[in-house]
Asker: 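Below: one structure in structure tokens.
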Amino acid sequence: MVTTIPVLLNTLLYAGIGMLVFGVGFWVLDKLTPGQLWNEIHDQRNIGVAIVTAAMALGLALIIAAAIHG
């Protein structure tokens, strides 16, 4: 399969937009939850918060991917 430059640039553009939207969305989710997620996960070693945060990240990624894909 041959990849052309416009296809490659479109792929990189959509990947960049997706990562940017994911970062902003994750930041918003972090601000909406009580406490600080990174402090709870890293410093307090709270596995439950890590699992819930991972589930939120996966859900957000699926929503963004579906929105970009159309």
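Please read these numbers as outputs of a predicted model, since none were measured by experiment. Side chains are part of it too, since the values below use all heavy atoms of this structure and drop only hydrogens, waters and symmetry mates. Counting from 1, the numbers follow the sequence of the chain as shown.
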Asker: Each residue besides Leu12 in its hydrophobic cluster should be listed here, by chain and number; the cluster joins Ile, Leu, Val, Met, Phe, Trp and Tyr at side-chain heavy-atom distances under 4.5 Å.
Answerer: Leu8
Asker: Hydrophobic clusters join Ile, Leu, Val, Met, Phe, Trp and Tyr when side-chain heavy atoms are under 4.5 Å apart, directly or via other members; which others share one with Ile5?
Answerer: Leu9
Asker: Kindly write out the residues that satisfy side-chain contact (heavy atoms from CB on, under 4.5 Å) with Ala57, not counting sequence neighbours, or none if the list is empty.
Answerer: Phe22, Phe26
Asker: Connecting only ILVMFWY residues whose side-chain heavy atoms lie within less than 4.5 Å of each other, what is the rest of Ile51's hydrophobic cluster?
Answerer: Ile47
Asker: Hey, quick one: are Leu13 and Ile68 part of the same hydrophobic cluster, counting side-chain heavy atoms closer than 4.5 Å, chains of contacts allowed?
Answerer: yes
Asker: Using the side-chain hydrogen bond (donor to acceptor under 3.5 Å, both in side chains) rule, collect all pairs that involve residues 45-64, keeping only residues at least two apart or in two chains.
Answerer: Glu40-Asn46
Asker: Once ring pair (Phe, Tyr, Trp, His ring centres under 6.0 Å) is applied, what residue pairs with a partner in residues 34-60 remain, sequence neighbours excluded?
Answerer: Trp38-His42
Asker: Asn10: what forms a side-chain contact (heavy atoms from CB on, under 4.5 Å) with it, not counting sequence neighbours?
Answerer: none
Asker: By side-chain contact (heavy atoms from CB on, under 4.5 Å), which residues pair with Ile63, not counting sequence neighbours?
Answerer: none
Asker: Considering residues, nucleotides and ligands other than Gln44, do more than 12 of their heavy atoms fall under 6.0 Å from its CD?
Answerer: yes
Asker: Measure the spacing between CD of Gln36 and CD1 of Ile41 and express it to the nearest 0.5 Å.
Answerer: 11.5 Å
Asker: Not counting sequence neighbours, which residues clear side-chain contact (heavy atoms from CB on, under 4.5 Å) with Leu29? List them please.
Answerer: Met56, Leu60
